[in-house]
Structures are given as structure tokens and as C-alpha cells.
Amino acid sequence: MTDQIVERIDVVGVVGCGTMGAGIAEIVSRNGLPVRFVEMTDEAVEKGLARIAGSLDRQVARERLTSEERDEIVSRISGSTQYGDLDVCDLIVEAVPEILDLKQQAFRQIDQHARPDAIIATNTSSLPVMDIAVHTRRPNRVLGFHFFNPAPVMKLIELVRTVVTDEAVVDTARRFAESIGKVPVVVGDRRGFIANQLLFPYLNQAVWMVEGGYATKEDVDAAMRFGAGLPMGPIALTDLVGVDTFVGIMDAIHSQFQDTRFAPRPILGQLAGADFNGRKSGRGFYTYDEPGSSRIVPDEDTRDPADPSLIEGWTTVGVIGTGTMAAGIVQVCAQAGFDVLVRGRTRDKAEAVAAGTSKSLQRQVDKGRLTQQQMVETLQRIHPVIDLADLAAADLVIEAVAEDLEVKHGLFEELAQILKPDAVLTTTTSSLPVISCAMATDRPEKVLGLHFFNPAAIMKLVEIVPTVRTDDLVVQQARAFVERIDRVGVLCGDRAGFIVNTLLFPYLNDAVKMLESHYATAEEIDTAMKLGCGYPMGPFELMDVVGLDITLAIMERLLEEYRQNSYEAAPLLRRMVDAGFLGRKVGRGFYVYD
Ligand code: NAD
């Protein structure tokens, strides 16, 4: 072996041309470099080429690429079954399945044929790079080069340096990553690196919700898209990643952390066993119209649309509370054409909600989204009241007072005496048991949760939470109501955190634990999640907005409900809250603000 290490990457080799290999070949060739890939069989070579062509054709159809550009990109890519063809490559990226043995075997073969000064990289998501590197005669020239799916689109590359990787190798790899338009983040050799260690436990937990029948896959996906602003729901993402690949990644993370939360859910093994590996096989959790397609075919989970006739006679909504949440709900209901009775403890407070709505609507008028006339009509529908008895006219009541079970009990008990027999009674609680509010009334069958997200006038999601006592008709009425106020409704059971908070907050807490372990900085973690997973905000930016105190309170509630050790709040989170670093609202959280 020579001491020389290649400084410039002119030719790239790819080993394995599946989901990731094909994407890597595409992005490298798009940047003008020739690519040689190696597959197992002639058939797999053909499949690999077809996969690349398919992706490029879709882009031509969407007019993101001309057919000349497509032809040029294809002309730079060649595939074969011969590892010997890799002898001209400066960098070889291995992207065979996430199975240690397979990767070690592939590395032994690559090492035999690669030039002595060439760099060999693995695209592993979760296996120790060092365990792969030692199967070559040049472990100092091996590193992790972890692309994200889809590789041509996602900006992040985690460059994984082992304890023996030469600095010059990291430098060359970093420059190469930048030259193909990516943002490299250099990390140490720990299973899952930054993004997957935070992403996969969250995905696995989403799978657990679907597996256990807590919510449908469609609802879990819609909840995370509309409630947390994620670009894709976790179940759709699992299908995109590939169910078999997912199992490999979870196995690897589990073997490091030994927590049941990281154990791949049994349904994943069953799907993989049936070769229902997600989009690439045309069926995973969802069914697709053909292998590789993103078009979903309806299945037995597809719910009938909500029936608007069930609430035809509804004219009036009562909202109890005058805080931020109540105010947003008042606006949404009034804009949907309902008369809204806003009940405050004092007239001033109730009137302040109407005044706040007026300001908010005026902003919409200024932006041209609403006419003056529509604003006036909407405001005329809002009626501040202080006497609970005034809610007797309501068809639906939404309680949005403080998150205190005793206060809610008192209200529900009183409301049950006042409301029309058919009126539906709902709570916006985000963490308390809905059944407990329902049982404070004499009509638990008419009670359910309607969990809105802040700011309610903007956020589209409403979690509809029936209890074990709620009538099906009431659930269907709630679905129709949510649709009428132009929100996206998802159904889930009566458990702390419902869908969104149960999936979102443990992930935030895990990010704090990662920071605390000094594996990466808050900026690096935020960058990884934004550029690797397309999240609108990194976990630390998000916690600063939500409030560290709120994050801590939700984790405590989830721990109480699920009694799972991994929900134990990160000690650093607790210390930050104790120090008064609560986030943007006080000018300091994980970041410092003006
Ligand atoms: P895949 O199953 O889609 O593709 C693997 C390909 O490797 C197949 O085409 C297979 O024929 C080929 N192959 C198997 N053994 C080979 C060998 N010895 N030599 C040459 N080719 C061989 O898998 P994938 O999803 O592309 O995953 C590949 C790697 O990328 C894994 O390490 C995975 O963890 C990682 N990764 C996956 C994703 C994702 O979202 N799928 C994201 C980032 C990283």
C-alpha cells in the first residue's frame, strides 16, 4: 500500500445499485463525473440502470430536466458484475443491504481491486464503520459517507470518521461532498450517527401505533405532516426507506442502546418476510400501483369521507376559555360560518378574544386574503358571554381552559346540566384523559377530545379523540365538523400525547440526550435533521419555540402514562428549565436571542 491518498475525485464507483446506490450514481453523474457501479447479477445491473432511468424520466416529465440532459447523465453511468471495473475509481461508495456480513464481504472484494490510493466509503446508516473498515488493508482510507434518501434531493451527508480514518481522507471527502452540492457534517462512528439515531426510534414508534391499532397509517402520517409540519409522514417514510433496510437499521441501533423502544416492531419483520418492503416492492404498509411508484392505491384502511349531513342543523359553537388556543378556535369556527359563543370568566376577557380576532382578521384583509365584508360578517358571528348558561344554544361546545383536571371536571359537570340533550361536548386537552372529563357528565357518550394545535388559526390538524364511551355517531359528527372548519381530522385513542406529542417529544428529548453526550452540537443536530430529513426546524430550534418547560412537562406526562425508561427527561433539559432558560420567550434556550 502506498502512502498517497487521492486528493481529487474524478471517477466514482458505486457498489450495489438499489434505492441508494441508484440515487448516488445519479447525483454524481448529474455533477459531471463518470460513475461505474457493480451489482450481483446481470439482471440486477439491468434493474439498477432502469431505476436510474426511471428517476430521470420522472424528472423529464416534470420538466426539471431536458431529455438531452437525461441522455448525458445516463451516458456517464455504466454498470457491471465485475469488481475489477472499479480499478479506475478515486472514490468507491458501497451501498449494499444493511447487513454487516454482506458489507464486510463487499469491502474485501473492493479492496482487492481498488487503486491503493483510492478512498472507500460505506453508505451504512447504522453499522459501525470500523467493523467494515478492518476488512480492508487500508482502514485509514475508509470512512462513512452517509447519503439520505432520496440521494439526489437531500442535502445532508454525514461523513463518519473512525478512530483511524486519515484527516486527508476526511478532507478529500468533504470537498467532494461540497462539489456535488451537498452539506457534509463530520461525525464520530456511533450507530445511527446523528439523523438516524434520532429519526428511526421515532419511525419505529409510529409503526408501533399502527401495529397496535392505535391509529391508522393514514392518520399517523397526516398527524405528523399537519401537526408537526414534517414533509412526509413516518409510515410513508418507512415505505420509502424500505422495510428490510429499516429492520437492519433498528437492529443495529438496538444492539447499541438495548432499549425496547429501539427494537424493530414485529410487524416490520413480518412485512419484510413477505417481501412487502415498501415502495421499491410496490407494497409495504401502503400498496402502490407498481414497484417504485409513489402512487398509493386505496386499501381496507381507507376511510369513507366525513358525512356533512350529520351536522346539517348545527349553527352554534360554544368556546370556553379566553387563552391563545380558545382565541384561535373562535376565529376558525366563526370563519367557517358558525355563530360562536365565547365564554370568559369576565366580560373583558371574552371581549378581548373578539378584539384579538378582529386584529388577526384585519391582517388577512391587509394581505388580500379576506375582504372587508367577510371580516365584518365573521366578527358579527362572535358573541362574548360570561354566563355558562348562555351556552345552552350551542350544538357543540369546545372547552379550552387551563390544563387542570379539577377545573375541567367542574366545568363538564355544570355544562351537562345546561346543554341541549344532543349537544356534543369536547375538550382540547393535550395530555389529560378525555374519559375523565366525560365521566364528570351524565352523558359520556356525547363527549370526546378535539385537540387543536397552536396557533389554531394556522395549524391544520385536529386530533379527534373518542373515549371508550363515545357514540360512533358523535365521532362521525366530529369528523364532519372538523372538515367544515377546514381542518384535517385524524382519529386516535384516549392516551396522553395522542399521536403528535407522543411521537414528537421523545424525539426532542433524545436530541437533548445526544447533545448532552457531546456527540454533536445543537447546530450540527439541527442541520442534520433539516437537511437530512427535510424537517422545517431542527429539534433545538423547535424546543426553543415550544418552550423547554413545556417540553419537560410533556415528557413527564408521557413517562407517567407509558412508564418507559427512555421517556425519562434528559437531565440537561431539566437543568436548563431550572436555570430559567425556557426558550425564545425568555430570550435564551438552547440558543441565545436578542
Ligand atoms: P436496497 O435493498 O434498495 O439495495 C441494495 C442493492 O445492493 C441491491 O440492488 C442488491 O442487489 C445489491 N447488492 C447486494 N449485495 C451486493 C454485493 N455483494 N455487491 C454488489 N451489489 C450487491 O438497499 P438500500 O436501501 O439502497 O440500502 C443500501 C445501503 O444504504 C444500506 O446500508 C442502507 O442502510 C443505506 N441507506 C439507506 C437509506 C434508505 O432510505 N433506503 C438511506 C441512507 C442509507
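Remember, it's 1-based here, ligands and their atoms both numbered in the order they're listed. Index from 1, following the sequence. Fair warning: this is a prediction, and the values are worked out from it, not measured in the lab.
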Considering [options] one by one, which has a heavy atom nearer to [atom] than any of the others?
atom	options	value
atom 5 (C) of ligand 1	Gly21, Cys17, Ser125, Ala95	Ala95
atom 13 (N) of ligand 1	Met154, Met40, Gln105	Met40
atom 31 (C) of ligand 1	Glu98, Arg51, Arg279	Glu98
atom 21 (N) of ligand 1	Pro97, Gly16, Ala195	Gly16

* Output the distance between atom CG (Asn31) and atom CD (Glu26), rounded to the nearest 0.5 Å. => 10.5 Å
* Can you measure from NZ (Lys217) to CZ (Phe285) and round to the nearest 0.5 angstrom? =>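 CZ of Phe285 is found 9.5 Å from NZ of Lys217.
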* Asked: Would you say ligand 1 has an N or O under 3.5 Å from any N or O of Asp244?
  ->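 For ligand 1, there is no N or O atom that lies under 3.5 Å from one belonging to Asp244.
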* For Gly242 and ligand 1, does the shortest N/O to N/O distance drop below 3.5 Å? ->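 No, Gly242 has no N/O under 3.5 Å of an N/O on ligand 1.
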Considering the heavy atoms of [X], write down every atom of ligand 1 situated less than 4.0 Å from one of them.
X	result
Thr124	32 (O)
Gly18	3 (O), 4 (O), 6 (C), 9 (O), 26 (O)
Val38	20 (C), 21 (N)
Lys280	1 (P), 2 (O), 3 (O)

* Hey, does Glu94 sit under 4.0 Å from ligand 1 if you only count heavy atoms? -> no
Please classify the [X] to ligand 1 contact at 4.0 Å (heavy-atom distances, strictly less than): side chain, backbone, both or neither.
X	answer
Thr122	neither
Tyr83	side chain
Gln109	neither
Thr245	side chain
Lys47	neither

* Matching residue for Tyr83 among Val38, Asp111, Ile92 - test: side chain to side chain contact (heavy atoms under 4.5 Å, CB included) -> Val38
* Under 3.5 Å, is there a donor-acceptor pair linking the side chains of Glu523 and Thr527? -> no
* **Distance-only polar pair, side chains of Glu94 and Thr122, donor-acceptor under 3.5 Å** => yes
* Specify whether Tyr535 and Tyr507 have parallel, tilted or perpendicular ring planes, treating 30° as the upper limit for parallel and 60° as the lower limit for perpendicular. => perpendicular
* Heavy-atom distance under 4.5 Å between the side chains of Val220 and Leu503, does that happen here? -> yes
* Is there a donor-acceptor pair under 3.5 Å between the side chain of Thr165 and the backbone N or O of Val142? ->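 Checking the backbone N and O of Val142 against the side chain of Thr165, a donor-acceptor pair under 3.5 Å is found.
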* **Donor-acceptor pair, side chain of Ser29 and main chain of Ile73, under 3.5 angstrom** => yes
* Inspect the contact between Glu72 and Arg76 and indicate whether a charged nitrogen and a carboxylate oxygen are less than 4.0 angstrom apart. =>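 Result for this pair is yes, salt bridge flagged.
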* Asked: Please state which protein non-hydrogen atom is closest to atom 11 (O) of ligand 1 and give its distance, to 0.1 Å?
  -> Glu39 OE1, 2.8 Å
* Asked: Of Ser125, Ser126, Ser255, which meets side chain to side chain donor-acceptor pair (under 3.5 Å) against Arg191?
  ->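 Exactly one option meets the side chain to side chain donor-acceptor pair (under 3.5 Å) with Arg191, and it is Ser255.
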